[in-house]
Amino acid sequence: SVPLIWPYLYELGSLEVNGFREFRPWYVAVDPTITPSNRPSADVSLAVLDNRTFVVSWVDTFNSALYFRIYDTNGTALINNISVDSSIDGSSRVSLAAINSTTFIVGWIDGPSDDSTYAVYSRSGGNIVVATDLDTDVGANTAVSVAHMGAQFQYCYADDTENDIDIRTVVYGTYGAGTETNLDGSAAPGATLQNLVECASINTTRLVGVWFDDNSNDVTFSVVNETRDAIVSSIDLDSGVGETGQQAVTTLNGDAFATAWFDAGGADSGTIELSIRTANNTVILPTTVVDSNVGNDFRLAMTTIKSTSEQKDWFLLAWNDRSSFDIRGQIYNSTGSSKYGPFVLASDENDTSLLFDVFSADNVANISLCDNKFVFAYTSNNGSVFVNTHSIDGSIWNGDCSTDNSPPTINLLSPSNNSQIQQGFDMSFTYQVSDSSTIGNCSLYLNGAFSEISNSINAGVNQTFSNTYL
């Protein structure tokens, strides 16, 4: 019974057996992985409500239900499971978008009824707008992406029945079924649980939609305004991506977007490619290969990342590398220069539930996690839904936004300070470290010269430099 907050150790005391008590106490540590569900999931989505609060939603294939849960970034569940739809299946999809710090949209595809649906919830878990169908016959090969955009939100989805990619505008206050326009009238979506379409708001008057056109094997984008009028008509980013193209997009600085896609066709088969463009289609970064050997059956996700120390947005591109069977991430600046990574986010992803999500910031809602932080959600190989919080370099983040400017305290336990050692040259130094942050390493210096380093440090626990010859 300890707080579910890490990376701290909590003392359990010493073990006593038959009247003999251990000199050293035992400690327990809390697993940094957040587990919203220990049931299999077909899809997962994330949204952020403030610098320490996020929503995770998942398609629970065991219970045939769509849930969400709200967390503090330190792992504390603020709102436990809320059931959004209790009659879905393994082909269902979900997408989240924050309207502001108190309300958010859940958009989903209800597989059994072939509906594209949305609802609006508060951060306390209350249902503000009941489930509303936008389309009641979307078929099996579908995907959904919702994006907040000023006075309305945009609902993008793949419609298998009509073989197209659609976008609907739903105005806040009036809500209802909204107004629909085709992004692509002949996309012919041909598979379930794919990254078929994603929309992201560049600002309150510009939105970019990127999709996989399975009819012509293209990855295509378009930029529209708040009423869905084309600002940049459909342009192919890649006209030969094969039969399993995937894509993702995120927006930058209120005037640009970065998009990545999987190319499974021709000489570039098995590669991830990246491009950055302005809202008016000025090319900032031409098509660039990120990874040339990711295998097949692949997914990806992207998010904008904020930092007060940087004048421009950075972004994270994450992908599951099927050649190494892990999920990787890489951080870029707004011109496409790599800043961190690639680093491994997970090496235990489920072989069949490949969809995952990352999230950090929403430019239009003006909401972001703490500087240089992001959340990552996926389905593990044991079937559980896992969420990890990360720093921009890929390391695990403890969820605390405060800046620790105080140095750690180091106490030498043995030998005692100022001891005079008369015999022997084989010395061991036992010490403890205390600090409010994670300790990366401790080093031993002898007469001002470096001697050795320990990279495995636990605060409040005896540590030893052994076999030091003086």
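Only this structure's heavy atoms are used, side chains among them; waters, hydrogens and symmetry mates stay out.
Taking each heavy atom of A131 and T117 in turn, the nearest pair found is CB-CG2, 4.0 Å. Of all heavy-atom pairs between V364 and G150, the closest is CG1-N, 3.8 Å. Residues T271 and V289 come closest through the heavy atom pair CB-CG1, 4.4 Å. What you find for A200 and V249 is that their closest heavy atoms are CB-CG1, 4.1 Å. Smallest separation of non-hydrogen atoms from G254 and N363: N-ND2, 4.2 Å. When all heavy atoms of N38 and S384 are compared, the pair lying nearest together is CA-OG, 3.4 Å.
In the model, E349 has no side-chain atom that pairs as donor or acceptor with a side-chain atom of N381 under 3.5 Å. Donor-acceptor pairing under 3.5 Å is lacking for the side chains of D218 and T220. Remark: the N141 side chain and the T192 side chain contain no N/O donor-acceptor pair separated by less than 3.5 Å. For N280 and T282, the side-chain atoms include no donor-acceptor pair closer than 3.5 Å. S201 and Q154 form no side-chain donor-acceptor contact under 3.5 Å, judged by distance and modelled atom types alone. A donor-acceptor pair shorter than 3.5 Å can be found between the side chains of Y378 and D348. Between the side chains of S391 and D393, no donor-acceptor pair is found at a separation under 3.5 Å. Between the side chains of T205 and N225, no donor-acceptor pair of N or O atoms lies under 3.5 Å. In summary, the side chains of E226 and Q152 do not present any donor paired with an acceptor at a separation below 3.5 Å, with no hydrogens or angles considered. Counting only N and O atoms by type, the side chains of W58 and D43 include no donor and acceptor under 3.5 Å apart.
By the 30° and 60° cut-offs, the orientation of the rings of Y155 relative to F153 is tilted. Between F315 and Y332, the ring planes lie parallel to each other; the angle is under 30°, not in the 30° to 60° tilted range.
Counting heavy atoms from C-beta outward, S222 and I235 have side chains that stay 4.5 Å or more apart. In this structure, T73 and W397 have side chains that are in contact, with non-hydrogen atoms separated by less than 4.5 Å. Side-chain atoms of V294 and F262, non-hydrogen and from C-beta on, do get closer than 4.5 Å to each other. Between H390 and K373 the shortest side-chain heavy-atom distance does not fall below 4.5 Å. The closest side-chain heavy-atom distance from D184 to N215 is not below 4.5 Å. Considering only heavy atoms from C-beta on, R277 comes within 4.5 Å of L237 through its side chain. Side chains of V94 and L66 form a contact here, defined as non-hydrogen atoms less than 4.5 Å apart. In this structure, the side chains of I165 and D159 stay at 4.5 Å or more apart for every pair of heavy atoms.
Within the 3.5 Å criterion, the main-chain N or O of G178 finds no donor-acceptor partner in the side chain of T169. At distances below 3.5 Å, not a single donor-acceptor pair connects side-chain atoms of S122 with backbone N or O atoms of T103. At least one donor-acceptor pair closer than 3.5 Å links the side chain of T174 to the backbone N or O of V171. A distance-only check finds no donor-acceptor pair linking the side chain of N372 to the backbone of S307 [under 3.5 Å]. For N63 (side chain) and A65 (main-chain N/O), no donor-acceptor pair under 3.5 Å exists by modelled atom type. Remark: the backbone N or O of C199 is paired with a side-chain donor or acceptor of S145 at under 3.5 angstrom. A donor-acceptor contact shorter than 3.5 Å links the side chain of R168 to the backbone of A177. T250 contributes no side-chain N or O that, together with a main-chain N or O of M302, makes up a donor-acceptor pair within less than 3.5 Å. Counting only distance, with no hydrogens or angles, the side chain of D72 and the backbone of T76 share no donor-acceptor pair below 3.5 Å. Side-chain atoms of T259 never come within 3.5 Å of backbone atoms of F257 as a donor-acceptor pair (strictly under, hydrogens ignored).
For R69, there are no salt bridge (Lys or Arg N to Asp or Glu O under 4.0 Å) partners at least two apart in sequence or on another chain. Looking at residues two or more places apart in sequence or on another chain, you find a side-chain contact (heavy atoms from CB on, under 4.5 Å) between A230 and S233.
If you take CD1 on I367 and CD1 on I99, they are separated by 9.5 Å, rounding to the nearest 0.5 Å. We find the CG-CG distance between N74 and N398 to be 8.5 Å, quoted to the nearest 0.5 Å. A distance of 11.5 Å separates OG1 in T303 from CG in L317, rounded to the nearest 0.5 Å. Distance check, rounded to the nearest 0.5 Å: OG1 of T379 to CG of D351 gives 12.0 Å. Atom CD of E198 sits about 11.5 Å away from atom CD of Q246, to the nearest 0.5 Å. The OG atom of S360 lies 8.0 Å from the CD1 atom of I392; values are rounded to the nearest 0.5 Å.
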- Message: Determine whether T136 and D133 satisfy the following criterion, side chain to side chain donor-acceptor pair (under 3.5 Å), listing intermediate values before the conclusion.
- Response: CA-CA 7 Å; T136 57; D133 291 338; over 6 Å; no
- Query: Can you list the steps and then say if R123 with D50 is a salt bridge (Lys or Arg N to Asp or Glu O under 4.0 Å)?
  - Reply: CA-CA 11 Å; R123 68 181 293 153; D50 58 42; 3.0 Å; yes
- Please lay out, stage by stage, how V224 and I167 fare under the test side chain to side chain contact (heavy atoms under 4.5 Å, CB included). CA-CA 10 Å; V224 300; I167 179 172; 4.3 Å; yes
- Determine, stepwise, if the pair D236 / S239 fulfils side chain to side chain donor-acceptor pair (under 3.5 Å). CA-CA 6 Å; D236 290 340; S239 57; 5.6 Å; no
- Candidate pair W261 and D238, rule side chain to side chain contact (heavy atoms under 4.5 Å, CB included), full reasoning: CA-CA 9 Å; W261 62 93; D238 193 323; 3.2 Å; yes
- Could you go step by step and tell me if L369 and N51 meet the side chain to side chain contact (heavy atoms under 4.5 Å, CB included) rule? CA-CA 4 Å; L369 288 176; N51 64 348; 5.5 Å; no
- Task: Mind running side chain to side chain donor-acceptor pair (under 3.5 Å) on D89 and S91 for me, showing each step along the way?
- Result: CA-CA 6 Å; D89 64 10; S91 67; 2.9 Å; yes
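Aromatic ring centres of H148 and Y172: separated by under 6.0 Å. Annotation: F104 is in aromatic contact with F68 [ring centroid separation under 6.0 Å].
With F374 as the fixed residue, the side-chain contact (heavy atoms from CB on, under 4.5 Å) test singles out one of V48, L345, T304, L46: L345.
Look at K306 and D313 and you find a salt bridge, because one of the NZ, NE, NH1 or NH2 atoms lies within 4.0 Å of a carboxylate O, short of that distance. Checked for salt-bridge contact, R39 and D60 miss the test: no charged N lies under 4.0 Å from a carboxylate O.
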